[in-house]
Amino acid sequence: MSFSVSILATGSELLDGRVLDTNSNFVAKELAQLGLKLKRILVVDDDMPELLDGLRSLSAVSELVITSGGLGPTSDDLTRDLIARFFKVGLTEFPEARSHLENFYRARGRALDPSNLKQAILPVGSTMIHNERGTAPGFLMTGPGGGTHQVTTCSLSGVPREFTNMFIQSVLPLIKSRAGATTVIKRSSFRTFGLPESIVGRRIEECALPSTISVSYRAAFPEVHVVLKAPEGIDLEGPSQQVRAALNRGAIYAERPDQTLIETVHTALRASSATVATAESCTGGLMAYQLTELPGSSDVFMGSVVAYDNRIKHGVLHVSQDTLSQHGAVSAAAVREMAQSVRSLMGTTYGVAISGIAGPGGGSTEKPVGTVYVGLSGPKRSFEVGFTFVSDRKMVRTYAAHAALDLLRRELNGLEIPDTYPLSGGTLAPKA
Ligand code: ATP
Ligand code: MG
């Protein structure tokens with residue numbers, strides 16, 4: 001059996017919807033890096049019978065159980081008692097835990113409340129885990145797991161920044177040494193935009209990859225991410241090349257697992273010493289907001305005009321009254337003029353404009369809710385793309401800003417603008 005690890009996440013707030021259990025997710029991701037998968041994740045209330053029951057069931061199937069939370073000084077913090085009861089040992093004050101608490105408070109000029117001393121009391125026979133970001137030390141304990149095997153419990157603070165730090169520093173090394181020679185898993189990541197998940201899936205299926213390669217998909221609206229995995233010793237480059245060829249046509253914007261579309265756009269703007277300005281209607285500045293998410297944005301992003309009302313489109317961006325009355329504010333003609341105008345107003349290399357009907361009101365048969373036009377004006381050429389993305393207001397706006405960023409990326413990287421673009425759940429709108 002491979003080394004099995006489970007998590008017991010404790011806290012009423014995780015069960016009544018106040019707090020999302022991010023600690024378990026963090027551990028799952030860290031283990032995945034080692035080619036390991038969590039055996040079980042169990043979330044239980046701050047209640048001794050529930051906690052004991054949960055710990056027993058996890059111990060029966062795991063060699064390591066990580067507990068999260070319940071190390072504080074209050075009466076609902078039961079983890080120390082839980083571990084002592086489970087292993088049938090007593091509790092005792094640990095001098096190193098006490099001096100950690102005293103130092104922690106002294107360093108912050110605060111008086112140590114006597115109730116905090118409860119945090120220095122740990123199960124007899126346990127090993128303290130240092131918590132450099134908080135007061136409550138954690139601890140490790142090994143003993144009979146209820147079945148035939150020994151189980152190790154490892155109790156960490158529930159506060160995410162403390163939990164993650166304690167996990168990396170003290171638990172991960174233990175898992176690495178205990179898991180021994182686990183298979184190293186190689187992975188290739190592809191982050192895509194512009195193709196619906198069904199089409200991404202179909203194209204990859206058509207690659208007929210060897211069965212030693214596992215493929216996983218994640219719809220991270222409005223993007224689709226694909227990961228190929230292979231055990232060490234199995235060729236991953238060949239299959240990755242096949243996926244690149246099948247998906248390409250510009251759909252892959254990054255192959256680093258954590259690279260965002262904004263980062264790709266920034267990199268492309270810097271590489272060609274180009275700048276951009278936006279003129280936005282239905283997105284209300286969302287594209288500008290995203291372009292300024294990264295530090296150093298001012299090198300590539302100059303500014304934006306949020307031209308929501310037609311008076312502003314005409315008065316500030318000089319969209320002609322003819323265009324507005326003949327084609328409307330949501331039209332290829334309008335975004336063409338908006339993009340050109342913001343580009344010259346701000347003296348940038350590129351101008352990008354977005355105008356659409358985010359809904360829920362304002363749609364018509366000819367231009368239903370979700371109709372969006374994006375215009376790009378640049379040194380080589382100018383073009384407009386229109387599409388209808390049928391969804392709610394928030395998703396239409398998110399999709400529109402993303403599509404505009406992606407069009408800019410394609411233009412900067414010399415990629416074609418396919419006529420099926422952007423078709424994720426949308427259809428191409430007529431030109432005018
Ligand atoms: P403290 O010493 O601060 O009391 P603790 O170990 O007792 O720490 P909890 O009281 O259970 O931990 O939780 C502390 C904070 O961390 C709370 O704000 C809680 O909502 C949050 N938290 C607890 N468990 C998780 C979890 N699994 N994922 C994300 N947040 C969590
Ligand atoms: Mg607590």
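Indexing begins at 1, ligand by ligand and atom by atom, following the structure's order.
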> Does any N/O atom on Glu13 come nearer than 3.5 Å to any N/O atom on ligand 1?
Replying inline: yes
> When you check the gap from the basic side-chain N to the acidic O, do Glu237 and Arg244 get nearer than 4.0 Å?
Replying inline: yes
> Quick one: does ligand 1 sit under 4.0 Å from the side chain of Gln119, the backbone, both or neither, non-hydrogen atoms only?
Replying inline: side chain
> Of Gly70, Gly158, Ala136, which has the heavy atom at the shortest distance from atom 11 (O) of ligand 1?
Replying inline: Gly70
> For ligand 1, which atoms have a heavy atom of Asp77 less than 4.0 angstrom away?
Replying inline: 7 (O), 10 (O)
> Would you call Gly11 a ligand 1 contact, heavy-atom distance under 4.0 Å?
Replying inline: no
> Can you find an N or O of Thr10 that's nearer than 3.5 Å to an N or O of ligand 1?
Replying inline: no
>> Taking 4.0 angstrom as the limit and counting only heavy atoms of Gly69, give me the atoms of ligand 1 inside it, by number and element.
In response: 6 (O), 11 (O), 12 (O)
> Going by the angle between their ring planes, with limits at 30° and 60°, are Phe167 and Phe163 parallel, tilted or perpendicular?
Replying inline: parallel
> Hey, which atoms in ligand 1 end up nearer than 4.0 Å to a heavy atom of Pro160?
Replying inline: 16 (O), 29 (C), 30 (N)
> Side chain or backbone of Asn23 under 4.0 Å from ligand 1, or both, or neither, by non-hydrogen atoms?
Replying inline: both
>> Does this structure show an ion pair linking Asp392 with Lys394, if we count only N-O contacts that are shorter than 4.0 Å?
In response: no
> Among side-chain atoms of Arg409 and Thr264, is any donor-acceptor pair under 3.5 angstrom?
Replying inline: no
> With a cut-off of 4.0 Å, which atoms of ligand 1 are near a heavy atom of Ser157?
Replying inline: 6 (O), 8 (O)
> At a 4.0 Å cut-off, with the gap strictly under it, does some heavy atom of Thr135 reach an atom of ligand 1?
Replying inline: no
>> So, taking the atom named NE2 in His266 and the one named CG in Leu405, what distance separates them when rounded to the nearest 0.5 Å?
In response: 8.5 Å
> According to the interplanar angle, ranging from 0 to 90°, do the rings of Phe221 and Phe389 count as parallel (below 30°), tilted (30 to 60°) or perpendicular (above 60°)?
Replying inline: tilted
>> Would Gly72 count as being in polar contact with ligand 1, using the rule that some N or O on each side must be under 3.5 angstrom apart?
In response: yes
> Are Tyr399 and Phe387 close enough that their ring centers fall under 6.0 Å?
Replying inline: yes
> Under 3.5 Å, is there a donor-acceptor pair between the side chain of Asn23 and the main chain of Gly158?
Replying inline: yes
> Which of the atoms of ligand 1 are close to Leu20, meaning less than 4.0 Å from one of its heavy atoms?
Replying inline: 28 (N), 29 (C)
> Is there a donor-acceptor pair closer than 3.5 Å between any side-chain N or O of Gln119 and the backbone N or O of Leu71?
Replying inline: yes
> Just checking, is any N or O donor in the side chain of Ser62 or Ser4 under 3.5 Å from an acceptor N or O on the other one?
Replying inline: no
>> Just to check, does Ser68 reach to within less than 4.0 Å of ligand 1 when the distance is taken from its heavy atoms?
In response: yes
> Counting only heavy atoms, which portion of Leu71 has something under 4.0 Å from ligand 1: side chain, backbone, both, or neither?
Replying inline: both
